[in-house]
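Worksheet for the structure shown next.
What you see below is based on every heavy atom in this structure, not just the backbone, and it leaves out hydrogens, waters and symmetry mates. Just so you know, ligand 1 is whichever comes first in the structure, and atom 1 is the first atom listed for that ligand. Note that the structure is predicted; figures quoted are calculated from it, not measured.
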Amino acid sequence: MTASPSAKTGKPKLAFRPLPVPQVDVHGFWGDRADAVATRTADILYERCVEARMLEQIDPDRPSPGIVIPFHSPSPDEADRQGAEFTGSTVTTQMFWDSDLGKTIETAAYSLYRRKNPELEKKIDAVIDMYGKLQQEDGYLSSWYQRIQPGKRWTNLRDCHELYCAGHLIEGAVAYYQATGKRKLLDIMCRYADHIASVLGPEPGKKKGYCGHEEIELALVKLARVTGEQKYMDLAKYFIDQRGQQPHYFDEEARARGADPKAYHFKTYEYSQSHIPVREQHKVVGHAVRAMYLYSGMADIATEYGDDTLRAALDLLWDDLTTKSLYVTGGLGPSAHNEGFTSDYDLPNESAYAETCAAVGLVFWASRMLGMGPNARYADMMERALYNGSISGLSLDGSLFFYENPLESRGKHNRWKWHRCPCCPPNIGRMVASIGSYIYSLADDALAVHLYGDSTARFDMSGVPVSLTQTSRYPWDGAVEITLEPQAPVEFTLHLRIPAWSANAQLKVNGEAIKLAEITSDGYAAIKRTWKKGDQVRLDLEMPIERLYANPQVRQDAGRVALSRGPLIYCVEASDNDSQPHRLTLPRTATIEAQHRPELLGGVVTLSTAALADVSDGWQDRLYRPEPPATAQTRLTAIPYFAWDNREPGEMLVWLRDG
Ligand SMILES: [Zn+2]
């Protein structure tokens with residue numbers, strides 16, 4: 001689809017689009033993760049949705065469950081009490097069930113590319129049939145408002161996730177259409193989107209609303225791209241433009257339903273990033289997942305409309321997040337209270353909320369910033385969030401989940417089978433199942449490689465089919481071999497990311513060394529040439545083990561050090577160490593060794609070094625004493641953070657004592 005020129009900026013810049021999921025085969029590291037999702041997670045998500053009785057809410061052939069259990073986010077203590085056995089069987093209705101089903105459909109759809117699963121496909125078809133039956137004549141579709149709260153639709157956009165649910169069903173519909181060729185859900189959601197556009201919008205007589213929980217914006221962009229319908233793009237742009245305008249829609253809406261706008265539970269519209277218009281927003285605030293989804297939608301619209309006013313705001317927001325409010329794991333949103341941001345440099349470790357969905361949302365946002373052109377400022381952070389704070393949310397076998405992703409644990413924070421608010425499991429499922437589209441993106445005369453790893457991409461360049469194969473042991477090793485096989489010689493620019501963590505990178509094309517400094521800008525090497533069958537590119541990224549220190553403003557990390565190697569952040573877990581992790585000190589002079597351990601945690605590189613451990617000798621039953629504890633020499637072994645809590649429960653620590 002051709003992007004519309006923006007009135008303010010004229011012709012859109014060159015836009016890069018992610019390669020569609022079926023055009024990328026992943027092997028190696030991401031192949032293992034995607035297999036776990038395709039063989040286990042996708043089925044588990046469906047079964048858990050059934051156990052949570054979601055189908056009873058959406059199926060018009062069954063009596064309405066009719067019991068309303070108000071939603072609240074569980075505190076970490078409550079979450080611990082729910083424990084790993086909670087499956088949701090006590091919950092009967094929720095305003096956001098449609099969103100969880102939408103993401104489950106999306107995970108199943110992307111997984112079908114990897115592994116045929118006729119049983120699951122049949123079950124998803126049946127869910128889609130239920131939605132088909134549920135949809136009203138006028139196109140409206142919400143299991144909550146139709147079955148549980150009839151007569152109240154479009155009365156509380158602020159709190160009730162009405163458009164958020166629509167957005168997730170749209171994303172599910174797009175993915176399912178692309179994966180199976182079946183249009184039923186896509187047609188259903190086009191009718192619903194048309195209905196939404198008839199109710200909400202800038203035209204006289206329409207409500208000037210938008211959703212309290214962003215998501216519909218980025219979903220409508222996907223719908224516009226797959227259908228070629230500009231009206232869906234324009235509706236997405238309307239939601240972005242209207243957000244936070246005065247008179248404030250949420251005030252008017254509250255008064256219209258007889259409520260006092262000031263009685264708003266979260267007190268401030270910062271919670272939903274609707275406190276001011278989006279182009280005036282320079283600080284990341286409020287609910288972290290909502291923020292990431294909004295910025296993702298803004299980035300899509302900035303790309304599609306060549307809108308530099310949006311891009312300017314996004315760059316300020318990006319700076320604010322990455323220099324003041326981001327965990328070293330790429331996790332974000334430290335507080336359970338608002339599921340979001342607090343104040344600058346407030347990054348508690350043990351109580352970190354750092355919801356899986358928020359890190360997944362950062363991957364979404366970063367990948368969309370790359371739509372405006374390759375830039376390692378975004379791609380490096382996408383990689384950080386991807387390999388650490390997001391996939392930590394899924395067990396290695398694909399069956400258990402984290403909602404919160406703390407950077408320190410006493411051993412009692414363990415993976416769950418399910419969650420009362422099950423937003424994270426299908427979010428991490430769909431992201432992993434669609435990982436190929438984050439690795440590569442395509443413009444008219446260029447292909448960008450944002451992430452490295454064993455994979456094959458197929459795409460057309462100027463009408464010539466091209467296959468590109470990466471061979472690499474990444475993220476365990478920084479050597480990457482790329483083979484290009486265009487069906488006929490074709491000229492284009494190959495953009496290769498040079499990660500900031502790699503101080504020394506070397507590039508060869510068909511054996512000939514290329515001076516990286518001469519062809520690199522914004523952290524990407526640009527190789528423009530006429531590519532021929534069998535052309536080889538070799539990129540060697542030095543992958544040093546690094547000690548990372550936090551800005552002294554972060555009080556929780558003072559005197560502490562974290563370890564990284566390449567894209568991976570490491571943690572120390574009880575299973576690998578003789579001493580409890582909190583007793584360990586890592587001397588600044590200690591040499592740290594990387595070791596490939598194929599038998600451990602599905603095959604990882606561990607980091608190990610000499611360390612000091614505080615010992616209990618001589619303390620008897622005293623709690624305090626004037627002398628410091630004695631220390632003993634020991635070894636410290638660290639594993640990649642994403643792989644923690646896949647064995648027996650025990651202490652875990654990312655930020656070690658620096659000695
Ligand atoms: Zn979540």
Sequence-distant partners of Y345, ring pair (Phe, Tyr, Trp, His ring centres under 6.0 Å), two or more places apart: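 Partners of Y345 by the ring pair (Phe, Tyr, Trp, His ring centres under 6.0 Å) criterion come out as none, since no residue qualifies.
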Going by the ring-ring contact (aromatic ring centres under 6.0 Å, His included) test, name the single residue among Y164, F250, Y269 that passes it with Y210.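 Option passing the ring-ring contact (aromatic ring centres under 6.0 Å, His included) with Y210: F250.
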side-chain contact (heavy atoms from CB on, under 4.5 Å) with N338: which residues, sequence neighbours excluded?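 Checked N338 against side-chain contact (heavy atoms from CB on, under 4.5 Å); matches are Y271, S335.
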My understanding is that only one of R225, K222, K237 makes a salt bridge (Lys or Arg N to Asp or Glu O under 4.0 Å) with E304; could you say which?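 The residue from R225, K222, K237 that satisfies salt bridge (Lys or Arg N to Asp or Glu O under 4.0 Å) with E304 turns out to be R225.
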Which residues pass the side chain to side chain donor-acceptor pair (under 3.5 Å) test with Q242, sequence neighbours left out?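 For Q242 there are no side chain to side chain donor-acceptor pair (under 3.5 Å) partners, ignoring immediate neighbours.
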Going by an N to O cut-off under 4.0 Å, is there a salt bridge joining R153 and E162?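 Salt bridge flag = no for E162 with R153.
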Sphere of radius 2.8 Å around the Zn ion (ligand 1) - protein N, O or S atoms inside: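 Sorted hits: E355 OE2, C357 SG, C423 SG, C424 SG.
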